[in-house]
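Here the structure is laid out as structure tokens; the discussion comes afterwards.
These values consider heavy atoms only, across backbone and side chains, with no hydrogens, waters or symmetry-generated copies.
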Amino acid sequence: MTARPAPPSVSPTGSPALIASTYFPEPLLQFADNGLHIDPKAGIARYGPRSWTASGRHPTRLRVGLIGTAELVEAARTWMSSRAEGVRGDVNNPEFPGWMPDRGFFSSLEFDDAWNEELGQTELRQVLEIKSQKDRFQAALSLFETKFRQLAERDSVPDYVVIALSDQIVTRCGTADYTSKETGAVHRDLRRALKASAMKFRMPTQIVRAPTLDGRDRTPPSRIAWNFFTAMYCKAGGYPWSPYGLTPGTCYVGIGFYRPLGSADATMQTSLVQAFDERGEGMVLRGHEFEWDPSKTGSRSPHLTADGAHRLMALASRFHEVACPKVDQKRRKCS
């Protein structure tokens, strides 16, 4: 039997209830040479990334290091060099203009074997043959961390490291779920763990999987290129666009929450704040920990108390004072 749709709601007077709505137009973004557009991809293609002409943060060249098997290192280098020249779009996906000195992101890629670290077949086999999921995951992470360390200790280090993951690594070591006496149920993700490990050596990284390199990924090629190179530009220190028309002297804040890794208390949460100024420049700040028990609150979505929110805003305010020291203190406010 098919359920009938519910009748429209009515007001106490018996007439149909009215819903008021407001249309918010797409906000403008600012690109190189103060060019304006509502679409990030169209803006970059037409004007270039914002930091190309707006600051000294534009990477005019990027030295790229590669980590992976010999075959994947070569495949990643070939793939990046090809896509950097530009990728045709289609009716639903705009063309990627490229990562070249004269177009697109107005930068160049540099490769050198001295910036690469290859994973040997013997090293991989020793990791993949480990039976315990927990130990296999940790062994894979340790192997990559060794490669990070070897790169970081060289006289000449790359600006950026691309990690090419094979199907075997993803299948056998991509995640690990186990129970610990200290922390209870644990879920590990290799992608996140690799990025955290690389941070210890101050290396911005990007992960690319074998299906992307050999064409098995059915995502439109121009979309893959846009996602890959835009992320690379941001991690290399540039910013592709910035907000336009925001109130000067204002700090904008976004709040999130996560469970701290290694915490034995399943109800413990940590607050996270992303603060940025009217130019779009900012940083992610870790706030305080607090308890949130869904069985007591009736909701799995954490909320801050009034005091907790005040403490987080005070943290963001201190960041804003450091980031914008010349702004009149009377004009400061947070949104």
Quiz prompt | side-chain hydrogen bond (donor to acceptor under 3.5 Å, both in side chains) between R88 and N93, intermediate numbers included | solution = CA-CA 9 Å; R88 289 185 178 181; N93 299 278; over 6 Å; no
Quiz item: Would Y160 and T205 satisfy side-chain hydrogen bond (donor to acceptor under 3.5 Å, both in side chains), going step by step from the backbone distance to the final call?
Solution: CA-CA 6 Å; Y160 196 81; T205 60; over 6 Å; no
Exercise. Evaluate the criterion side chain to side chain contact (heavy atoms under 4.5 Å, CB included) for residue pair C173 and V127; output intermediate values, then yes/no.
Key: CA-CA 9 Å; C173 311; V127 170; 4.0 Å; yes
Quiz prompt | Verdict with reasoning, E129 to R136, per salt bridge (Lys or Arg N to Asp or Glu O under 4.0 Å) | solution = CA-CA 8 Å; E129 289 179 349; R136 188 170 60 248; over 6 Å; no
Exercise. May I have the step-by-step check of side-chain hydrogen bond (donor to acceptor under 3.5 Å, both in side chains) for E95 and S222, ending in yes or no?
Key: CA-CA 6 Å; E95 174 184 354; S222 64; over 6 Å; no
Quiz prompt | Trace of the side-chain hydrogen bond (donor to acceptor under 3.5 Å, both in side chains) decision for W79 with T212 | solution = CA-CA 9 Å; W79 183 86; T212 299; over 6 Å; no
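Shown here is Y239, whose OH atom has more than 12 heavy atoms of other residues, nucleotides or ligands within 6.0 Å. For H310, the NE2 atom is loosely surrounded, since the number of other residues' heavy atoms within 6.0 Å does not exceed 12. Summarising the local packing, CZ of R46 is surrounded by 12 or fewer heavy atoms from other residues, nucleotides or ligands at distances under 6.0 Å. Shown here is Q168, whose CD atom has no more than 12 heavy atoms of other residues, nucleotides or ligands within 6.0 Å. In the displayed structure, R103 atom CZ is contacted under 6.0 Å by more than 12 heavy atoms of other residues, nucleotides or ligands. A 6.0 Å sphere centred on CZ of R209 holds no more than 12 heavy atoms belonging to other residues, nucleotides or ligands.
Once rounded to the nearest 0.5 Å, the distance linking CG of D39 with CD of E26 reads 9.0 Å. Considering OH of Y244 and CD1 of I38, their distance stands at 14.5 Å, rounded to 0.5 Å. Taking CZ of R192 as the reference point, atom OG of S197 lies at 16.0 Å (rounded to 0.5 Å). Between atom CG of residue L151 and atom OG1 of residue T146 there is a gap of 11.5 Å, rounded to the nearest 0.5 Å. Taking OH from Y233 and CZ from F228, the interatomic distance works out to 16.0 Å, rounded to the nearest 0.5 Å. Note that CD1 of I163 and CG of L72 are 12.5 Å apart. Values are rounded to the nearest 0.5 Å.
Taking both residues in full, the closest heavy atoms of F137 and A193 are given as CZ-CB, 4.0 Å, listed atom of the first, atom of the second, then distance. Across all non-hydrogen atoms, the minimal contact from A32 to W52 is CB-CE3, 3.6 Å. The two residues T247 and Y252 come nearest to each other via the heavy atoms N-OH, 3.4 Å. Contact between L312 and G287 at its shortest, heavy atoms only, is CD1-CA, 3.8 Å. Closest heavy-atom contact between Q30 and P243: OE1-O, 4.1 Å. Nearest heavy-atom pair across A84 and L109 is CB-CD1, 3.9 Å.
Ring geometry, W292 versus F290: the interplanar angle exceeds 60°, so the pair is classed perpendicular (tilted spans 30 to 60°).
A salt bridge does not link E118 to K147: none of the charged nitrogens lies less than 4.0 Å from a carboxylate oxygen. Taking 4.0 Å as the cut-off between side-chain N and carboxylate O, E110 and R61 count as a salt-bridged pair. R216 has a carboxylate O that lies under 4.0 Å from a charged side-chain N of D167, or vice versa, which qualifies the two as a salt bridge. For the pair R154 and E117, the salt-bridge criterion is met [side-chain N within less than 4.0 Å of a carboxylate O].
L141 and M203 fall within the same hydrophobic cluster, where Ile, Leu, Val, Met, Phe, Trp and Tyr residues are linked whenever their side-chain heavy atoms come under 4.5 Å apart, directly or through other members. Note on L124 and I130: separate hydrophobic clusters, where clusters join Ile, Leu, Val, Met, Phe, Trp and Tyr whose side-chain heavy atoms are under 4.5 Å apart, directly or indirectly. Linking Ile, Leu, Val, Met, Phe, Trp and Tyr residues whenever their side-chain heavy atoms come within less than 4.5 Å places F257 and L285 in a single cluster. In the hydrophobic clustering of this structure, F105 groups with V208; members are Ile, Leu, Val, Met, Phe, Trp, Tyr whose side-chain heavy atoms approach within less than 4.5 Å, directly or through other members. Residues L190 and F148 fall within the same hydrophobic cluster, defined by Ile, Leu, Val, Met, Phe, Trp and Tyr side chains chained together at heavy-atom separations under 4.5 Å.
In this structure, the side chains of V64 and V162 come closer than 4.5 Å at one or more pairs of heavy atoms. Between T60 and S108 the shortest side-chain heavy-atom distance does not fall below 4.5 Å. Looking only at side-chain heavy atoms (C-beta outward), W241 and P49 stay at 4.5 Å or farther from each other. Between K200 and R149 the shortest side-chain heavy-atom distance does not fall below 4.5 Å.
Aromatic pair Y178/H187: centroids not less than 6.0 angstrom apart. Aromatic ring centres of F229 and F96 lie closer together than 6.0 Å.
T53 contributes a side-chain N or O that, together with a main-chain N or O of D33, makes up a donor-acceptor pair within less than 3.5 Å. Side-chain atoms of T175 do not come within 3.5 Å of backbone N or O of R188 as any donor-acceptor pair. Side-chain atoms of H37 never come within 3.5 Å of backbone atoms of I44 as a donor-acceptor pair (strictly under, hydrogens ignored). Put simply, the side chain of D217 never gets that close to the backbone of P211: no donor and acceptor are under 3.5 Å apart. Looking at R57, its side chain does come within 3.5 Å of a backbone N or O of G237 through a donor-acceptor pair. Using modelled atom types, no side-chain atom of D112 and backbone atom of W115 make a donor-acceptor pair closer than 3.5 Å. In this structure a side-chain-to-backbone donor-acceptor pair under 3.5 Å is present from T230 to W226. Although no hydrogens or angles enter the test, the distance criterion places a donor-acceptor pair under 3.5 Å between the side chain of S107 and the main chain of P59. Distance alone, capped at 3.5 Å, places no donor-acceptor pair between the S51 side chain and the A54 backbone. For the pair E123 (side chain) and G120 (backbone), a donor-acceptor distance under 3.5 Å is present.
Pairs engaging residues 299-308 under the side-chain hydrogen bond (donor to acceptor under 3.5 Å, both in side chains) rule: none recorded [sequence neighbours left out].
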